[in-house]
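Okay, handing you the structure first.
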Amino acid sequence: MKQNASPPWLARCLFVGIAAQLYIVIYGRTRTFWWDEVYTLAAAAIGRPVEWDFVLRDVHPPTYYMLVRGLGLTTGMDDFGLRSINLLALPPALGAFWILREVFNSRKLALLAVLFLCNYFVLFLSVDLRSYAITMCLGLLAHSALLLELMGKRPRTAILIGACTGLWALHFFGAGIGLAILAVSVVHGWRTGMSRRQIAARIAAILVLGLLFVFWVVGVSNALDMTGGNLWIRNTPKPLIDFLGWQSIAFATLISALVVRRRSPAEAVPNAALWILLPSAMLLTVAVLVSFHTPVISSRNTSYFVAGTLLAITLYVPD
């Protein structure tokens with residue numbers, strides 16, 4: 001076997017992951033709508049004028065709702081068919097794996113693909129009529145562009161800012177993780193001698209996206225009227241338990257890697273394995289603080305921590 005070739009068992013796991021994803025997409029698209037999906041359909045208002053008073057009650061930017069509306073008006077799809085909007089997640093996911101070739105060999109890329117595809121977040125959110133599937137893949141692309149910088153590769157400024165802008169446009173947690181990724185890029189770039197032009201571009205993106213999001217929340221939407229402790233989200237340990245359980249294969253891989261590293265020599269873990277977790281840590285800290293007033297940490301919202309976690313685990317696994 002060639003040194004960089006993937007072992008047969010890993011290739012079989014990858015096949016299982018792809019097959020599982022295809023099965024879910026084909027047979028799961030007609031599952032019963034849950035409350036937030038019904039909200040999406042109401043906000044998209046296909047076949048009738050948009051009720052902006054209703055849309056403006058949401059803290060999320062209306063981008064996803066308008067994408068769903070545009071798809072429905074253009075194609076005439078039924079409610080279940082609108083779930084195909086999540087195909088927009090495919091380009092950023094493929095883009096992420098394409099640029100990760102610079103830091104991962106074929107074995108590590110295959111492992112990351114298995115951990116991503118055999119992941120309950122990815123499987124059940126891929127047919128969710130919410131923005132999570134798209135934002136998970138945009139998050140993977142943004143984290144991958146950041147990882148290239150952390151590993152000393154050529155910065156992909158346009159990809160980084162573009163992916164973070166997409167995150168910002170789709171979900172308020174997306175705005176948070178995007179701004180955190182840009183902030184970590186600025187700090188690491190300043191520490192490692194990144195050009196002033198590239199650092200300035202990232203700072204400008206942080207200021208513009210941050211101010212626009214505040215303007216949306218405070219100046220345009222009525223989201224602040226919905227704050228308080230009486231929402232359907234509660235401060236419970238369930239989201240953390242789900243985060244671990246829904247990624248059981250990934251965390252079992254991490255535990256196996258811990259055992260292997262204790263029992264036999266292995267290459268050092270790159271510092272990037274910790275740096276890539278910083279955006280998630282920053283967003284989680286802010287979310288916990290906000291939750292003292294308005295609970296915001298739901299199981300689905302923890303999907304924004306998936307990309308950084310999987311990249312860190314892949315970096316930690318011995319070659």
Side-chain angles (χ1 to χ4, degrees), residues 29 31-89 92 124-139 162-179 205 208-234 283 286-287 290-291 293-304:
R29 68 185 188 280
R31 75 183 187 193
T32 304
F33 288 111
W34 70 292
W35 192 90
D36 274 8
E37 291 179 299
V38 176
Y39 190 99
T40 298
L41 292 170
I46 300 168
R48 55 186 173 81
V50 176
E51 298 179 24
W52 286 107
D53 288 342
F54 180 79
V55 174
L56 293 177
R57 294 171 59 194
D58 198 347
V59 69
H60 309 307
T63 312
Y64 185 75
Y65 306 137
M66 295 303 103
L67 287 173
V68 173
R69 177 178 174 83
L71 178 64
L73 293 176
T74 302
T75 64
M77 287 183 177
D78 62 12
D79 291 349
F80 293 117
L82 292 173
R83 284 174 165 159
S84 64
I85 192 74
N86 289 333
L87 289 173
L88 291 175
F124 89 94
L125 292 181
S126 62
V127 289
D128 214 42
L129 193 59
R130 297 292 284 173
S131 63
Y132 297 108
I134 301 174
T135 52
M136 263 197 307
C137 292
L138 282 171
C164 290
T165 302
L167 286 164
W168 163 87
L170 290 170
H171 195 278
F172 82 102
F173 258 70
I177 198 69
L179 291 171
V208 171
L209 296 180
L211 289 174
L212 285 175
F213 183 74
V214 171
F215 177 70
W216 164 258
V217 173
V218 177
V220 178
S221 76
N222 300 318
L224 293 181
D225 295 339
M226 306 296 292
T227 60
N230 298 318
L231 301 179
W232 67 269
I233 298 177
R234 296 288 185 268
L283 176 58
V286 173
V290 171
S291 290
H293 179 262
T294 303
V296 294
I297 303 176
S298 67
S299 297
R300 280 173 168 81
N301 285 347
T302 62
S303 64
Y304 291 91

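In what follows, residues are counted from 1 in the order of the sequence shown. Excluded from the calculations below are hydrogen atoms, water molecules and symmetry mates; all remaining heavy atoms, backbone and side chain alike, are included. Predicted model, so just to flag it, every value in this text is computed and none were measured.
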Note to self: Could you report the tightest heavy-atom contact between L138 and A163, atom names first, then the distance?
What the structure shows: O-CB, 3.8 Å

Next item on the list: Hey, can you tell me if W35 and Y39 have their rings parallel, tilted or perpendicular (30° and 60° cut-offs)?
Entry: tilted

Next item on the list: Measure the CG-CD1 distance between L73 and I46 for me, rounded to the nearest 0.5 Å.
Entry: 6.0 Å

Item checked: Sequence-distant partners of D128, salt bridge (Lys or Arg N to Asp or Glu O under 4.0 Å), two or more places apart -> R31, R300

Margin query: For the backbone of L129 and the side chain of T40, can you confirm whether one donor and one acceptor N or O come within less than 3.5 Å of each other?
Written below: yes

Next item on the list: Any pair with a residue in residues 61-87 that passes ring pair (Phe, Tyr, Trp, His ring centres under 6.0 Å), sequence neighbours left out, goes on the list, sorted by first then second residue, please.
Entry: F33-F80

Note to self: Could you work out, with side-chain contact (heavy atoms from CB on, under 4.5 Å) as the rule, every residue matching L88, not counting sequence neighbours?
What the structure shows: L67, I85, I134

Check: Are the side chain of R69 and the backbone of A45 linked by a donor-acceptor contact shorter than 3.5 Å?
Finding: yes

Notebook entry, point to check: Could you give all pairs that pass the salt bridge (Lys or Arg N to Asp or Glu O under 4.0 Å) test and reach residues 35-44, with sequence neighbours left out?
Noted result: D36-R130, E37-R83

Can you give each donor-acceptor pair under 3.5 Å made by side-chain atoms of residues 209-219, sequence neighbours left out, with the distance rounded to 0.1 Å?
from	atom 1	to	atom 2	distance (Å)
W216	NE1	V59	O	3.0

Next item on the list: Quick one: which residue pairs count as a salt bridge (Lys or Arg N to Asp or Glu O under 4.0 Å) with a foot in residues 39-57, not counting sequence neighbours?
Entry: R48-E51

Next item on the list: Could you check if a side-chain atom of L82 sits within less than 4.5 angstrom of a side-chain atom of L41, using non-hydrogen atoms only?
Entry: yes

